[in-house]
S.K.: 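So that we are looking at the same thing, I have put the structure below in structure tokens.
These numbers were taken from a predicted model, which means no experiment stands behind them. In what follows, every chain begins at residue 1, and chains take the letters A, B, ... in the order their sequences are listed.
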2 protein chains.
Amino acid sequence: MYGPSKRTRRATAADVARLAGVSRSAVSRAFTKGTYLDAEKRERILLAAEEIGYRPNALAAGLQGQQSNLVAIFVGDMPNQYDKEAAASLATGLNAAGKWPIMIGGSDAVARAAASRVLSFPLEAMILRSGSLGADVAATCIKMGVPVISSGRIIEQDGVDNICVRNREGMREGVAHLIKGGCQRIAYIGGPSSFSSAPERRAGCLDALGGLELIAECEGLYTMESGYDAARALLKERRPDAFVCANDAMALGAMTYLREAGVCIPDDIALLGFDDIEMSGWPAFDLTTIRNPIDDMVAAITELLHRRAMDPAKEGEVILLDTKLVKRSSSRRLLPDR
Amino acid sequence: MYGPSKRTRRATAADVARLAGVSRSAVSRAFTKGTYLDAEKRERILLAAEEIGYRPNALAAGLQGQQSNLVAIFVGDMPNQYDKEAAASLATGLNAAGKWPIMIGGSDAVARAAASRVLSFPLEAMILRSGSLGADVAATCIKMGVPVISSGRIIEQDGVDNICVRNREGMREGVAHLIKGGCQRIAYIGGPSSFSSAPERRAGCLDALGGLELIAECEGLYTMESGYDAARALLKERRPDAFVCANDAMALGAMTYLREAGVCIPDDIALLGFDDIEMSGWPAFDLTTIRNPIDDMVAAITELLHRRAMDPAKEGEVILLDTKLVKRSSSRRLLPDR
DNA sequence: TTGAAAGCGTTACCAT
DNA sequence: ATGGTAACGCTTTCAA
């Protein structure tokens, strides 16, 4: 039997037209809704198309001047769990919205080169999800006329849309919760200062402290391992009764160390994270944390994409997402929470 | 200023030609290496292009019949860590190889629909990385003339290239290592039978057992949580001295439960995983496991892509990857390992 | 070495 | 409602 698998050339509208005995125009219309076309005829065309495995070539359609629906997502190395979850959800959310996410990632040099080359596509937007680098990539995109959406870090640049979580407010609420629960000797495990989220979260912690001061403090790498190490280092200091961590990965690392060290959580030391990654909700960890809402982030990006498509020349905007304090057992102390 | 009509058109070769005072053909040649073009002229063109932010439109170039360099990656829900790591590395590896990976994911219905729609692009290949579903997606692709590369699960279908790790041999080596270390009462925590890897790994375990029989056995979901639950259930059975887990996520879940239960690893119970995800190598876990080599997988896929491009009509092939036993402390028992 | 012109597969705009 | 015919932006062939 002859079939498309034998064919080396891709089926075109002309092939379908020939097979169905109609014009190429009719084939095009059959695949576009809201066009005038005899119902029976459309049926016949669709059937013929199905038979030879035809569908409109997106390259040609995109060339035609329509929207390409192509979107690039620039992720860094995705060193921690949250980044991976966010990237996965973003890709999924985008293709639920009818967009095609092209992933760009890897170590700096490779990723940067790829990010530049991908601009040869008429992208609807470049989505930046990289903590540290990104600002220069953004500049290239803007120059090429490709809209930029920066997520997780605010890039002050003309025409760049930003979406960011309220790091400071979120952390403030979390630490306030610890204090209301009776914690007084708080140690802070911060993130790398190259990430804009790090100083913001730290500021939120200081806000909540009020008159209090941090018992101790150090800077981690947003990884579990660095949290583990940080906990060990900080435990030597004057006995803290709470560890506030700039993200969940470090908090879980710290938790692992504390358990090994025989420290009871939360009675000896309470623990607070930030992000609410999947693992944190798992009963064996049950970490109190501040939710960095991935679904809201994805929804906001989709919305931004839409608004930009409506008005390509609009001003860049900043969307701030609200966090949500998720109280779990790592902060559930004897003292009642109010 | 005057409204949305401010839209800036993307620069085209004609724009560059005008600016540099050359023909459109020359501009095209300037961006194609191995073409006849005066060096000084090429320089001038490239400069002009840089100035107005031009690069060849990949849509138009792809239409021309060249290779599109577009590749779709179909991932499932990526429920476990290994899937996420694999997907991230794959995307990165592909764009290091000059390919553009379009990610397709999400819950079954949405992902399936997207996978079908993405075929409107002249894809160089559809890469399937989904344990359970995928076979029917593969059929659609083949019908459309899009080559399929299945990773992690062998799809017996004309023209489908497969790449899979030697699950059985790997697990056999791992369990043999436990037995040499003195384990005799082995309990098995398996994966969901809908994944082809599950029965293979189990078979490898049985191979190594020789005359022995499993003390106990249950089926998990390849998630940490299911491993945790499985360990609790199995611990009630006649005291095992080893837990063999079908993947690392479950092994780490089991480890967490065992530690909570005060069981000493590996002295009371040894632990074996499969995959070697990042977390397993972290000192606080230090899980003995069988490496499911992501880098080799990515390299093989790139190679397969290349071979398929060379000969679109070639037979489908099966590449099997070797595992590597990674001995860590979760299996380091008193009895010397031979 | 260079420029003109012919496609590539669509969609959109014409007249029917 | 329908078929013919311009674009769309590029690469490649063909003459020069």
S.K.: Calculate the interatomic distance between A/N69 atom CG and C/dT11 atom P; express it in whole Å.
M.R.: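 Roughly 13 Å, once rounded to whole Å.
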S.K.: What I'd like to find out is whether the side chain of A/W100 reaches to under 4.5 Å of the side chain of B/I104, using heavy atoms alone.
M.R.: yes
S.K.: Rounded to whole angstroms, how far apart are CD1 on B/I45 and C1' on C/dG3?
M.R.: 12 Å
S.K.: Can you tell whether the side chains of A/E50 and B/K143 come within less than 4.0 Å, N to carboxylate O?
M.R.: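 A salt bridge is present here (some side-chain N lies under 4.0 Å from a carboxylate O).
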S.K.: How far does the helix from C/dT1-D/dA16 to C/dT16-D/dA1 bend, going by the axes of its first and last five pairs, to the nearest 10°?
M.R.: 40°
S.K.: C/dT1 phosphate, OP1 or OP2: any side-chain N/O from B/K41 under 4.0 angstrom?
M.R.: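 Negative; the distance criterion is not met.
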S.K.: Heavy-atom nearest nucleotide on DNA chain C for A/R55 versus B/S23: which residue maps closer to 5'?
M.R.: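 Taking each residue's closest nucleotide, the earlier one in sequence belongs to B/S23.
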S.K.: Name the closest nucleotide to the A/Y54 side chain, picking from C/dG9, D/dT2, C/dT10.
M.R.: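 Of C/dG9, D/dT2, C/dT10, C/dT10 is nearest to the side chain of A/Y54.
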S.K.: Roughly, in whole Å, what's the span from CG in B/N57 to C1' in D/dA7?
M.R.: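 In whole Å, D/dA7 C1' and B/N57 CG are 14 Å from each other.
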S.K.: Rounded to the nearest Å, what distance is computed from the CG atom of residue B/D38 to the P atom of nucleotide C/dT1?
M.R.: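 The distance from CG of B/D38 to P of C/dT1 comes to 8 Å, rounded to the nearest Å.
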S.K.: Answer whether the closest heavy-atom distance between the side chains of A/S68 and A/P122 falls below 4.5 Å.
M.R.: yes
S.K.: Looking at B/D161 and B/R307, is there a salt bridge between them, counting it only when a charged N and a carboxylate O are closer than 4.0 Å?
M.R.: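 Not counted as a salt bridge, because no side-chain N and carboxylate O are separated by less than 4.0 Å.
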S.K.: Rounded to the nearest Å, what distance is computed from the CD1 atom of residue A/I52 to the C1' atom of nucleotide C/dG9?
M.R.: 13 Å
S.K.: Quickly work out the A/R18 CZ to C/dG9 C1' distance and round it to whole Å.
M.R.: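 It is 13 Å, rounded to the nearest whole Å.
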S.K.: Hydrogens and angles aside, do A/R18 and A/T12 bring a side-chain donor and acceptor to less than 3.5 Å of each other?
M.R.: no
S.K.: Base, sugar-phosphate, or nothing for A/L59, non-hydrogen atoms under 4.0 angstrom?
M.R.: nothing
S.K.: Need to verify one output field. Residue with the more 5' nearest nucleotide on DNA chain C, A/A60 or B/R24?
M.R.: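 With A/A60 and B/R24 compared, the 5'-side residue is B/R24.
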S.K.: Just how far, in rounded Å, is P of C/dG9 from CG of B/L63?
M.R.: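 Rounding to the nearest Å, CG of B/L63 and P of C/dG9 are 7 Å apart.
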S.K.: Establish, with yes or no, whether the OP1 or OP2 oxygen of C/dG3 is under 4.0 angstrom from a side-chain nitrogen or oxygen of B/Y36.
M.R.: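 So the side-chain polar atoms of B/Y36 never come under 4.0 Å of the phosphate oxygens OP1 or OP2 of C/dG3.
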S.K.: Can you list, in residue-number order, the parts of residues 25-32 of chain A that come under 4.0 Å of DNA chain D, counting heavy atoms only?
M.R.: A/S25, A/A26, A/R29
S.K.: Is there a side-chain contact between A/R117 and A/L119 (heavy atoms, below 4.5 Å)?
M.R.: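 Side-chain contact under 4.5 Å: no.
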S.K.: Counting only heavy atoms not in A/R24, do more than 12 fall under 6.0 Å of its CZ?
M.R.: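 No, not enclosed.
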S.K.: Please check if atom CG in B/D311 has more than 12 non-hydrogen atoms from other residues, nucleotides or ligands closer than 6.0 Å.
M.R.: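 Buried by this count: over 12 neighbours within 6.0 Å.
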S.K.: A/Q67 has an atom CD; how far is it from atom P of C/dT11, in whole Å?
M.R.: 14 Å
